[in-house]
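Structure, as structure tokens:
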Amino acid sequence: MQKEITCTINEKQYVLSVDVRKSLLDILRDLGITSVKEGCGVGECGACTVLIDEIPADSCITLAVWADGKTIRTVEGESANGQLSKVQQAYIDAGAVQCGFCTPGMIMTTTAFVEKHKDCKVSREDIRKGHAGNLCRCTGYETIISAVEMCLKDSDNNDSGKN
Amino acid sequence: MAVGKSPRRKDAVAKVTGRARYTDDLSMPGMLYAKYVRSPIAHGRVLHIDTQKAQSLYGVEAVFTFEDVPDKRFATAGHPYSLDSKHTDIADRRLLTGHVRYQGDEVAIVVARDRLTAEAAVELVQVKYEEYPVAVNAQTALKADTPPIHEGGNVIGSHRFEVGGMLEKAFEEADEIVESHYQTGVVQHCHIENHSTYAYMDDMEHIVVVSSTQIPHICRRIVGEALDIPWGRVRVVKPYIGGGFGNKQDVILEPMAAFLCMKLGGVPVKIELPREECFISTRTRHSTRSNIRAGTTKDGVLKGLDIEIFSNTGAYASHGHAIMGAAGSKSCNLYPRSVIKLKATTHYANIPTAGAMRAYGSPQVIFGIECLMEEAARAINMDSLDFRIKNVARQGDINPLKEKEILSCGMVECLENGRELIGWDAKKKAYKNQTGHLRRGLGVACFSYGSGTYPACVEIAGARLILNQDGSVHLQIGATEIGQGSDTAFCQMAAETLGVSFDNIHVVSTQDTDVSPFDTGAYASRQTYVVAPAVKQAAQELKAKILAYTALMTGQVPESLDLIAGNVVFANRPDKVVLPLDKVAMDTYYHKERGGQLTADVSYKTRTNSPSFGCTFVDLEVDIPLCKVFIKEIFNVHDSGVIIHPQMAAGQVHGGLAMGIGMALYEELLIDENSGYIYNNNLLDYKMPTCMDIPDLGCAFVETREPTGGYGNKSLGEPPNITPAPAIRNAVWDATGVKIDEIPMTPKTLYRHFAKAGLI
Ligand code: FES
Ligand code: FES
């Protein structure tokens, strides 16, 4: 069964006819938005994390039809005019990228975390709690947490999201 | 100078923007999806299989059973081919089987137009089995009356050696002999990208396999062997890959994808494993049981080590026949002045197949050795760190097995460095005589490892450099980037030797066996060590060609010229530019009377294998009533020779440490002893650590200069994973006085031991 939905993905309007059985992950990948990765398909790993109305969610366990009327952000939309977002840049500077498979989902979790904690004091422990839904097998999380710290340090007088 | 710096990874931007394309991100119109029909029982035989219902489901293109595949056995281990017929891998698999050997074994496969239809069709295949007795461990698998899992019995290999003297004599000279029994569990790689592959044909003869593999060139050979087609007609392409850790050093899906594609007229056919299947039907780490003895004098001279170990390779051999030999021999560099005797037996069992996993058996062997070193030191009342320092390898020692001199060795410095970092001496005093629920403990463990597989296997690497029109240089290599950063390290090496800036070296990250130079791939922590000489030589050759060509253009003598930072300069006046490289390059391409594209293409065989060293130090707290371990501080200190890229090197250490912590405290694939049923083949029930479970990770390097390494470098990728587990175990003993000789030390395990010791 197909259903028509309207949503905004990376600031573009979409009107889509979707198979009701499909997940948001499926339809994003069908659209060529392949930064959204599948590591488990059942909400365990976080590789498929996108922001839905600014809240990180596992797109693999979000039905595509639920995206109707929502605003979706993926890592493809985070760099503009050849400029990486602060979070993307911090991941590179901290050395938080290895195989890169967890990276897009992880970056979206960080993006929401940094935007939410712009003006707060956060400990490494808080960062850990905020990223516990995203698994990474390569980095031991060490540099990922440092990348988040870097974003928060810089965010004092800047917008921490897009440049 | 590019080596020793941390320039931005070549693939960093591709990965943070989501533009890096992995196998699943490449898709072809009309691609079909295949899905295996798996056995629900761990051991038995198919009596009857009915595929009719599945065949008639709309959208199903074909169903193949074990009766439809070639009657050809092949080996899957990602080793280089061996010309020595006594040294070949064990060919114990067919594409599908009627004799099922673990829960999840593959009896049939369905091909459909989409994933959902394939899944639905699998459910419609009806299979009747005759059940056989199940053996999941050494005790049952090796019993005389246990039915063989493969023809020829359940022992697949044994490795024995006794080196450095006679053990019996060494033990006679010892004042104390200690002995213990150790056990390590089945763990899994858990790369976040599951296995995925697809195959298609462009014509009637050639087949293209795109796969998430660590070993494209080996994969080509094995697909050729499995399907009996000439190797040159198989082309394997490796795009970006989302981690491997050894699990993609095995040929798992590729022969089947190629088979299906050929059967179905060359249309693209894809097989992608969901996480649950990836857990049981790819590879795992061998579980082991060992009995180890050590003899030491009163003043702390380790006289001998006697290691007896059983390694469980599961349903199929994969790397099983090689792992214990490799791990045993790599460990001989650690205490090279002692007699070492090893007796290893590897056996089949009705559990998922074990294969290569980060550090290839060493974590299991070293776990036993380093636990026992703690015990030996205690037996003579010596600080266990001092005991190790007294006995570990030093530069100039001779590896007793290989009878080769250890040319670079920073093991003692690593231990001394770690002593400072963790504050060993002060904390040792402070942690004496603790009581109460929360107790702190200190632990240490050390390791040695190799830098490749020579002389067991050939070590061949290839590098090709091409001067582009704009004065930039393309590097093509056969070695595979799997996340560890090898592409970046090779570009640094090329930049360093060639005299072109790092930014002006481009790398082709995709390996394509029809195009890429030959190299056997990412395993054994070999790549930086064995590829370095190939890159270096290619850079030297290209540089010589560039200088000779510039000499031709300008009338200078080549010897008077040098290439520095992208300019041809006078060797004795480096500030004086003769010609910028782009000018030279344009001339080579477009001058009508002279020149031609400048390239260098080197294939190089490495005939050395230098040991790397290192250790883990940990300070932790045990909550006795909760049966939980909290790591307060943990450091790995490594001697990997010269560090090529400090930031990426630290990344390898962090990742290996975390994986080691997982192995020590959390991770185990749980398999029912009686039925072989697997309880936790998913990331919810199998406890792979999240960032809540991993503490801050520390790392340090002792940089020796290895004379046989192209840039003074030695292995680093796998080693960080070897010693966290024994260090943590030793610290738990230090904290609680309870000696736990098995991993993982989950709360359940700790409870059992604490209760037995009367602590709770
Ligand atoms: S793929 Fe969505 S959580 Fe793993
Ligand atoms: S970088 Fe490989 S899983 Fe995170």
Side-chain angles (χ1 to χ4, degrees), chain A residues 19 21-22 26 29 32-47 74-79 84-85 87-105 107 124-125 127-145, chain B residues 6 8-9 11-22 24-27 116 189-194 240-245 272 274-276 481-485 647-648 650-659 661-662 682-684 688-694 696-699 720:
Chain A
D19 183 328
R21 297 171 304 175
K22 284 203 167 179
D26 291 332
R29 290 184 61 83
I33 301 175
T34 53
S35 76
V36 189
K37 304 294 185 211
E38 178 168 344
C40 68
V42 288
E44 294 160 356
C45 75
T74 75
V75 96
E76 279 91 345
E78 294 303 297
S79 44
L84 298 177
S85 77
V87 178
Q88 289 172 317
Q89 189 61 49
Y91 268 65
I92 294 180
D93 294 344
V97 180
Q98 288 192 32
C99 81
F101 205 77
C102 72
T103 307
I107 285 181
R124 279 174 80 85
E125 199 54 24
I127 297 172
R128 287 182 188 282
K129 283 196 188 120
H131 289 73
N134 292 74
L135 294 176
C136 173
R137 192 56 147 174
C138 299
T139 63
Y141 307 104
E142 180 68 23
T143 46
I144 289 171
I145 293 159
Chain B
S6 295
R8 181 165 87 183
R9 282 178 72 110
D11 52 7
V13 172
K15 287 174 176 174
V16 298
T17 54
R19 294 182 191 180
R21 287 181 189 272
Y22 300 73
D24 262 354
D25 304 334
L26 303 165
S27 168
L116 288 179
H189 313 69
C190 301
H191 35 74
I192 304 298
E193 179 202 30
N194 290 311
Y240 281 101
I241 140 167
F245 311 111
E272 53 182 16
R275 177 63 58 184
E276 294 75 10
E481 167 69 65
I482 64 167
Q484 79 285 53
Q647 187 189 57
M648 291 194 315
Q652 287 304 297
V653 175
H654 297 145
L657 248 169
M659 211 180 252
I661 293 170
N682 59 70
L683 290 168
L684 197 62
M688 175 191 150
T690 70
C691 55
M692 295 298 292
D693 308 302
I694 298 294
D696 288 346
L697 304 169
C699 103

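All values below were derived from every heavy atom in this structure, side-chain atoms included, with hydrogens, water molecules and symmetry-related copies excluded. Labels below follow one simple rule: chain letters A, B, ... track the order of the sequence lines, proteins then strands, and each chain is numbered from 1. It should be emphasised that the depicted structure is a prediction, and the values quoted were computed from it without experimental measurement.
Ranked by heavy-atom pairs shorter than 4.5 Å toward chain A, the options B:D693, B:I192, B:L116, B:I482 are led by B:I192. Highest contact tally toward chain A, considering only B:Q484, B:R8, B:H189, is held by B:H189 [criterion: heavy-atom pairs under 4.5 Å]. Ranked by heavy-atom pairs shorter than 4.5 Å toward chain A, the options B:C190, B:A12, B:S6 are led by B:C190. For the set A:E125, A:Q89, A:Q88, the count of heavy-atom pairs under 4.5 angstrom toward chain B peaks at A:Q88.
The residues A:R29 and B:D25 are annotated as salt-bridged, a charged nitrogen and a carboxylate oxygen being separated by less than 4.0 angstrom.
The shortest distance between side-chain heavy atoms of A:I145 and A:H131 does not fall below 4.5 Å. Looking at A:S85 and A:S79, their side chains never come closer than 4.5 Å, going by heavy atoms from C-beta outward. Using a 4.5 Å heavy-atom cutoff, the side chains of B:E276 and A:V42 are in contact.
In this structure, A:T143 contributes its side chain and A:G95 its backbone to a donor-acceptor pair below 3.5 Å. Looking only at distances, no side-chain donor or acceptor of A:Y91 sits under 3.5 Å from a matching main-chain atom of A:I144. Counting only distance, with no hydrogens or angles, the side chain of A:R137 and the backbone of B:A658 share no donor-acceptor pair below 3.5 Å. Between the side chain of A:R128 and the main chain of B:C691, a donor-acceptor pair closer than 3.5 Å is present.
Contacts between A:K129 and chain B at a heavy-atom distance below 4.5 Å involve backbone atoms as well as side-chain atoms. For B:F245, the part lying under 4.5 angstrom from a heavy atom of chain A is the side chain only. Of the two parts of A:T103, only the side chain, counted from C-beta on, holds a non-hydrogen atom closer than 4.5 Å to a non-hydrogen atom of chain B. There is no contact between A:N134 and chain B, counting heavy-atom distances below 4.5 Å. Proximity to chain A is limited to the side chain of B:Q647, based on heavy atoms less than 4.5 angstrom apart. With a 4.5 angstrom heavy-atom cutoff, B:D696 touches chain A via backbone and side-chain atoms both. When heavy atoms are compared at a cutoff of 4.5 Å, A:A47 approaches chain B solely by way of its side chain, counted from C-beta outward. For A:F101, the parts sitting under 4.5 Å from any heavy atom of chain B are the backbone and the side chain alike. With a 4.5 Å cut-off on non-hydrogen atoms, B:V653 does not touch chain A at all. With a 4.5 Å cut-off on non-hydrogen atoms, A:L135 touches chain B through its backbone and its side chain both. In this structure, chain A has no heavy atom under 4.5 Å from any part of B:E481. The part of A:A94 that comes within reach of chain B is its backbone (N, CA, C, O), which places non-hydrogen atoms under 4.5 angstrom from that chain. Neither the backbone nor the side chain of A:V36 comes within less than 4.5 Å of any heavy atom in chain B. Only the side chain of A:D26 comes within less than 4.5 Å of a heavy atom in chain B; its backbone stays farther off.
Donor-acceptor pairing under 3.5 Å is recorded for the side chains of A:E76 and A:S35. No donor-acceptor contact under 3.5 angstrom links the side chains of B:N682 and B:R275, judged on distance only.
For B:R19, the CZ atom sits in a loose shell: 12 or fewer heavy atoms of surrounding residues, nucleotides or ligands are nearer than 6.0 Å.
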